[in-house]
Amino acid sequence: MLIATWNVNSIKQRLDHCLRFLKEAKPDVLCLQELKCPDEAFPAGPIEDLGYNVAVHGQKAFNGVAILSRHPLSDVRMGLPEANGDDHSRYIEAVISRPGGGVARVASIYLPNGNPLGTSKFGYKLAWMERLRVHAENLLALEEPLVLAGDYNVIPEPRDVYDPADWLGDALFQPESRGAFRRLIALGLTEAVRACDDRAGLYTFWDYQAGAWQRNRGIRIDHLLLSPQAADRLVETRIHKETRGWEKPSDHVPVSARLAF
DNA sequence: ATGACCTAACTTTTAGGA
């Protein structure tokens, strides 16, 4: 079972790229972030024509997450618990059931950016991460294959950025952000890419500005976190870097994990 | 040289992103 995540930076602008990725990589599940459209504007038709079921949690203009799956979706949850007025569409979760066996719970996550520091946006990011941690703890108690995939907006370690000094003042690389990410991992989750490859210089995002892609000034912020029952089945991961070279690309590229079922 | 982008919106400028 191939599970992928991709921040597409507007599904309407990136529909052709999304369809091409579905046709070429043939993921069983694709988690999308930054749809930037309300539910009713989500282009479900062409995606369904490729054999995918769709669960969408959209929002006008910003945010928005979705799960595409070749297999039936059930138990769809939209939004993290304890919203307390938080109306950002940043979390959707569903159970994927492969015909003939193999069930996994998958979440598509668009974690808040948190910039600039010193504003409520950074506090919102940290509070959201704590809500995610509590929810993940509850999901782990189910002791089932679980994949928390998405744009975490966290650079976990210095080896995940071309030049750490450039990011010291950024919410993505703050000690508090990295600590909250480690607390999530410490629940017993396995970060899929790092379980397969410990090299420096693995990136999933290159800014549109300043020729970041051409100069390979990237950062690694898109992650798949696996429960023990999913990690036991992890075969390989891939960063689909080639999509960043496509015409009018997203600034993020897909990341995928193959599980043995 | 320290510049350079992209997207959505009650659009002609601003907010948000990272």
Side-chain angles (χ1 to χ4, degrees), chain A residues 5-18 21 31-43 56-66 86-91 108-129 132 149-181 193 201-223 239 241 243-255:
Chain A
T5 178
W6 196 4
N7 177 324
V8 288
N9 186 15
S10 169
I11 186 60
K12 290 166 84 176
Q13 290 297 319
R14 226 67 63 199
L15 179 60
D16 288 348
H17 285 201
C18 184
F21 180 72
C31 298
L32 298 174
Q33 301 90 35
E34 275 211 273
L35 305 177
K36 293 188 171 179
C37 73
D39 291 355
E40 60 272 21
F42 185 87
V56 181
H57 183 35
Q59 175 180 341
K60 186 177 178 180
F62 306 117
N63 307 319
V65 286
D86 178 8
D87 59 357
H88 289 200
S89 297
R90 296 180 174 277
Y91 185 91
S108 179
I109 291 168
Y110 179 43
L111 207 145
N113 172 302
N115 280 306
L117 298 179
T119 69
S120 61
K121 294 191 174 186
F122 190 56
Y124 172 63
K125 177 187 190 123
L126 297 179
W128 203 95
M129 292 186 82
L132 177 62
D151 176 1
Y152 280 77
N153 270 317
V154 175
I155 301 167
E157 300 179 64
R159 62 179 163 163
D160 298 313
V161 48
Y162 65 92
D163 182 359
D166 268 16
W167 290 81
L168 288 177
D170 195 285
L172 279 60
F173 198 51
Q174 287 312 291
E176 294 93 332
S177 309
R178 294 168 58 195
F181 189 74
V193 167
L202 304 175
Y203 306 137
T204 65
F205 169 93
W206 294 260
D207 200 286
Y208 288 123
Q209 298 189 65
W213 166 245
Q214 290 77 6
R215 300 160 68 191
N216 196 28
R217 293 168 75 89
I219 56 177
R220 194 173 71 90
I221 55 175
D222 299 272
H223 310 295
I239 297 174
K241 191 173 175 179
T243 63
R244 189 63 177 79
W246 291 355
E247 193 179 349
K248 300 191 80 178
S250 169
D251 38 11
H252 296 250
V253 299
V255 184

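Just the heavy atoms: all of them, side chains too, but no hydrogens, waters or symmetry mates, feed the values below. Since we're looking at a predicted model, the values are computed, not measured. Letters A, B, ... mirror the listed sequences (proteins, then strands); counts begin at 1.
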*asked:* Counting neighbours of CG on A:Asp16 that are heavy atoms of other residues, nucleotides or ligands and sit closer than 6.0 Å, is the number greater than 12?
replied: no

* Asked: Is there a side-chain contact between A:Thr5 and A:Gln33 (heavy atoms, below 4.5 Å)?
  -> yes

Spacing of the C1' atoms in B:dC10 and B:dC5 (rounded, Å) | 25 Å

Taken to the nearest whole Å, CD1/A:Ile11 to C1'/B:dC6 is 16 Å

Is any side-chain heavy atom of A:Gln13 closer than 4.5 Å to a side-chain heavy atom of A:Cys37? no

Query raised in the report: Quantified in whole Å, what is the P atom distance between nucleotide B:dT12 and nucleotide B:dA1?
Result: 38 Å

Exercise for review: Answer yes or no: is there a side-chain heavy-atom contact under 4.5 Å between A:His17 and A:Thr243?
Suggested key: no

A correct 5'-to-3' footprint of nucleotides 9-18 of chain B, with B, S and - meaning base, sugar-phosphate only and no protein heavy atom under 4.0 Å, is SS-----BSB

Taken to the nearest 0.5 Å, the spacing of A:Trp128 CH2 from A:Tyr110 OH works out to 10.5 Å

Exercise. Determine the interatomic distance between C1' on B:dG16 and the same-named atom on B:dT11; round to the nearest Å.
Key: 15 Å

*asked:* Strictly distance-based, threshold 3.5 Å: is any side-chain N or O of A:Asn115 a donor or acceptor partner for the main-chain N or O of A:Ala171?
replied: yes

Q) Does some side-chain heavy atom of A:Trp206 sit less than 4.5 Å from a side-chain heavy atom of A:Lys241? A) yes

Please measure how far the C1' atom in B:dA4 lies from the corresponding atom in B:dA18, and state the result in whole Å.
16 Å

- Message: Any heavy-atom pair between the side chains of A:Leu126 and A:Gln174 that's under 4.5 Å?
- Response: no

Discussion item. Strictly below 4.0 Å: does A:Ser10 bring a side-chain N or O up to OP1 or OP2 of B:dC6?
Written reply: no

To the nearest angstrom, the CG-P distance between A:Leu35 and B:dT7 comes to 15 Å

Discussion item. Does B:dC6 have OP1 or OP2 under 4.0 Å away from a side-chain N or O of A:Arg14?
Written reply: no

Taken to the nearest whole Å, CG/A:Asp166 to P/B:dA4 is 16 Å

Counting distance only, does the side-chain N/O of A:Glu34 pair as donor-acceptor with the main-chain N or O of A:Asn9 below 3.5 Å? no

| B:dA4 OP1/OP2 closer than 4.0 Å to side-chain N/O of A:Gln214 | no

DNA chain B in dot-bracket form (Watson-Crick or G-U pairs under 3.5 Å, [ ] crossing, | inter-strand) is ....(((((...))))).

